[in-house]
Chemist: 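Structure provided below as structure tokens; questions to follow.
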Amino acid sequence: MGDRIDILFPEREVNNRIRQLGEKITLDYRGEEIVLICTLKGASFFACELAKRIDLSLILDFISVTSYGNSTNSSGEVRMIKDLDESIEGKHVIVVEDIVDTGRTLSYLMEILKKRNPKSLKLCTLLDKPARRVTDVQADYIGFSIPDQFVVGYGLDYAQKYRNLPYIGVVNPGR
């Protein structure tokens, strides 16, 4: 692969935290049906594991917006690539994201989704990187808060590589 990856959160720790998030969401929405909206591609690993740990009736849908391309820095320009397949009007919705970084992408996405009149709209992220925030985006469910490092694994990529790592690691390109 050519890049050095230093493990930040081992697989066991990631799986344990996802279980805890699933339990919390189950308690918060007891007796309700929810819609999990997975942001592609990065959150796909997290969303599938999270869905398995939520003991509720749920619908899983997918959306794709991006501001990165093949860079390690957000471009600031957000583009919609794939929209939802189902209506979310009147439904409890949880957006499942891999990482909240600058917040630009999620701010854009949450505004679009609010206009579709869900009953409730919350955000669940595997990773939160508050040091890089440039917009006011707050997650309701957070797996881990991390420092300002570029991370990969568990769905997170560097130029489309390393998504398949079963842990979360810090990438050091070309080292």
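As the structure is a prediction and not an experimental result, all values here were calculated from the model. Side chains included, hydrogens not; waters and symmetry mates left out as well; all remaining heavy atoms used.
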Chemist: Indicate yes or no for a side-chain donor-acceptor contact from Ser120 to the backbone of Lys91 under 3.5 Å, with no hydrogens or angles considered.
Modeler: no

Chemist: As an exercise, state the distance from CZ of Arg133 to CG of Asp148, rounded to the nearest 0.5 Å.
Modeler: 11.0 Å

Chemist: Look at the side-chain heavy atoms of Ile, Leu, Val, Met, Phe, Trp and Tyr, link any pair under 4.5 Å apart, and say whether Ile142 and Leu8 land in one connected group.
Modeler: no

Chemist: Under the side-chain hydrogen bond (donor to acceptor under 3.5 Å, both in side chains) test, which residues partner Arg19, sequence neighbours left out?
Modeler: Asn16, Glu23

Chemist: Under 4.5 Å between side-chain heavy atoms, counting indirect links through other Ile/Leu/Val/Met/Phe/Trp/Tyr residues: same cluster for Val95 and Met80 or not?
Modeler: yes

Chemist: Would you check, one step at a time, whether the test salt bridge (Lys or Arg N to Asp or Glu O under 4.0 Å) holds for Arg30 with Asp28?
Modeler: CA-CA 6 Å; Arg30 181 173 288 152; Asp28 289 353; over 6 Å; no

Chemist: Rounded at 0.5 Å granularity, tell me how far CD1 in Ile94 sits from CG in Leu121.
Modeler: 9.5 Å

Chemist: For Tyr29, give me all partners under ring pair (Phe, Tyr, Trp, His ring centres under 6.0 Å), at least two apart in sequence or on another chain.
Modeler: His92

Chemist: Got a donor-acceptor contact below 3.5 angstrom from the Asp140 side chain to the Leu123 backbone?
Modeler: yes

Chemist: The criterion is side-chain contact (heavy atoms from CB on, under 4.5 Å); which residues satisfy it with Pro166, sequence neighbours excluded?
Modeler: Glu11

Chemist: Which residues pass the ring pair (Phe, Tyr, Trp, His ring centres under 6.0 Å) test with Tyr141, not counting sequence neighbours?
Modeler: none

Chemist: Is the shortest side-chain heavy-atom distance between Leu113 and Leu84 below 4.5 Å?
Modeler: yes

Chemist: Just grab all the salt bridge (charged side-chain N to carboxylate O under 4.0 Å, His left out) pairs involving residues 42-56, residues at least two apart or on different chains.
Modeler: Glu49-Lys52, Glu49-Arg53

Chemist: Quick check against the 3.5 Å criterion: does Ser87 have a side-chain atom that pairs as donor or acceptor with the backbone of Glu89?
Modeler: yes

Chemist: Could you check whether Lys41 pairs with Asp98 (Lys NZ or Arg NE/NH1/NH2 to Asp/Glu carboxylate O, under 4.0 Å)?
Modeler: no

Chemist: Is any side-chain heavy atom of Leu50 closer than 4.5 Å to a side-chain heavy atom of Ile25?
Modeler: yes

Chemist: Could I get the full list of side-chain contact (heavy atoms from CB on, under 4.5 Å) partners for Glu13, not counting sequence neighbours?
Modeler: Phe9, Pro10, Phe144

